[in-house]
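These notes are about the structure you will find just below.
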Amino acid sequence: MPLAKYLGHSCVELFEGNQKLIVDPFLTGNEQAAAKHTEVDTGYILVSHGHGDHIGDAIAIAKRTGATIIGTFELTNLCAKKGVDIHPMHIGGAHDFDFGRVKLTIAHHGGGYGDDASIYTGPPVGFLIEIGGKTVYHAGDTGLFYDMKLIGEMNEIDLAFLPIGDNFTMGLDDAVKAVEFLQPKRVVPIHFNTFPVIKASPQAFAEKVKYAQVVILEPGNSIEI
Ligand code: NI
Ligand code: MN
């Protein structure tokens with residue numbers, strides 16, 4: 001059984017046997033993070049976009065562990081200049097890695113490096129990840145979009161990680177609609193309560209969702225996928 005471990009904000013680790021990957025490793029600067037970047041041991045780092053609360057410690061982790069950074073062509077090539085291994089991809093494209101398959105999906109959001117909007121890091125993305133025979137959807141930072149219905153039609157999603165914090169991404173009610181479109185078996189709310197401006201109630205989200213089981217993970221908690 002593959003495992004998912006939530007480290008806080010949008011950061012998720014996935015494990016299957018001795019295969020490991022991490023998504024959006026924003027640990028330094030996140031008071032709620034369940035790990036320090038120096039504790040992360042991983043083979044792959046998936047980065048949804050260049051904002052500091054997503055690329056986070058990706059470069060430091062890649063340098064120390066030799067992990068490959070997966071993301072858009074633009075973002076990964078910026079990372080390569082810092083001396084790390086990359087696998088560039090783009091929206092709609094999928095690739096088989098040794099842990100499984102990754103497909104980049106659209107996300108409606110911004111693309112700058114950290115808080116420097118003058119460095120374009122390509123469009124933001126979400127990830128469809130196949131690992132251990134299961135399918136995980138990590139939406140990244142995005143507003144609600146109707147193509148989530150298409151993603152749901154074409155993929156049997158076992159576990160979806162969806163932002164609910166509002167202001168920068170979908171808020172509660174739009175995330176509820178996203179669940180209706182995606183039809184995942186289970187959904188984990190992310191990207192809330194890290195900062196005051198994205199305060200949200202995961203319990204209120206859970207009460208409103210009718211089409212899936214909501215699993216509220218505290219940073220540091222794991223579930224079987
Ligand atoms: Ni962002
Ligand atoms: Mn964000």
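Indexing begins at 1, ligand by ligand and atom by atom, following the structure's order.
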- Residue-atom pairs from the protein, N, O or S only, that lie under 2.8 Å from the Mn ion (ligand 2): D53 OD2, H54 NE2, D141 OD2, H191 NE2

- Query: Can you check ring-ring contact (aromatic ring centres under 6.0 Å, His included) on F26 and H37, steps first, answer last?
  - Reply: CA-CA 8 Å; F26 168 55; H37 77 82; over 10 Å; no

- Task: Please report the shortest heavy-atom distance between S10 and D24, naming the atom on each side.
- Result: O-CB, 3.8 Å

- Query: Which side chain to side chain donor-acceptor pair (under 3.5 Å) pairs, counting each pair once, include a residue from residues 66-79, with sequence neighbours left out?
  - Reply: E74-H90

- For residues I91 and P124, report the shortest heavy-atom separation together with the two atoms involved. CD1-O, 4.3 Å

- Note on the structure: Here the side chain to side chain donor-acceptor pair (under 3.5 Å) pairs for residues 136-154, sequence neighbours left out, are H49-D141, H54-D141, H109-D141, D141-H191

- Task: Report, as yes or no, whether the 6.0 Å neighbourhood of atom CG on D96 holds more than 12 heavy atoms from other residues, nucleotides or ligands.
- Result: yes

- Query: Given the rule in the side-chain contact (heavy atoms from CB on, under 4.5 Å) test, do V23 and S48 qualify, once you have shown the distances and angles that lead to the verdict?
  - Reply: CA-CA 8 Å; V23 183; S48 66; 5.6 Å; no

- At a cut-off of 2.8 Å, protein N/O/S around the Ni ion (ligand 1) gives H49 NE2, H51 ND1, H109 NE2, D141 OD2

- Message: Assess whether a salt bridge exists between D158 and R186, defined as any Lys/Arg side-chain N lying under 4.0 Å from an Asp/Glu carboxylate O.
- Response: no

- Task: Treating Ile, Leu, Val, Met, Phe, Trp and Tyr as nodes and any side-chain heavy-atom pair under 4.5 angstrom as an edge, say whether F73 and I55 lie in one connected cluster.
- Result: no

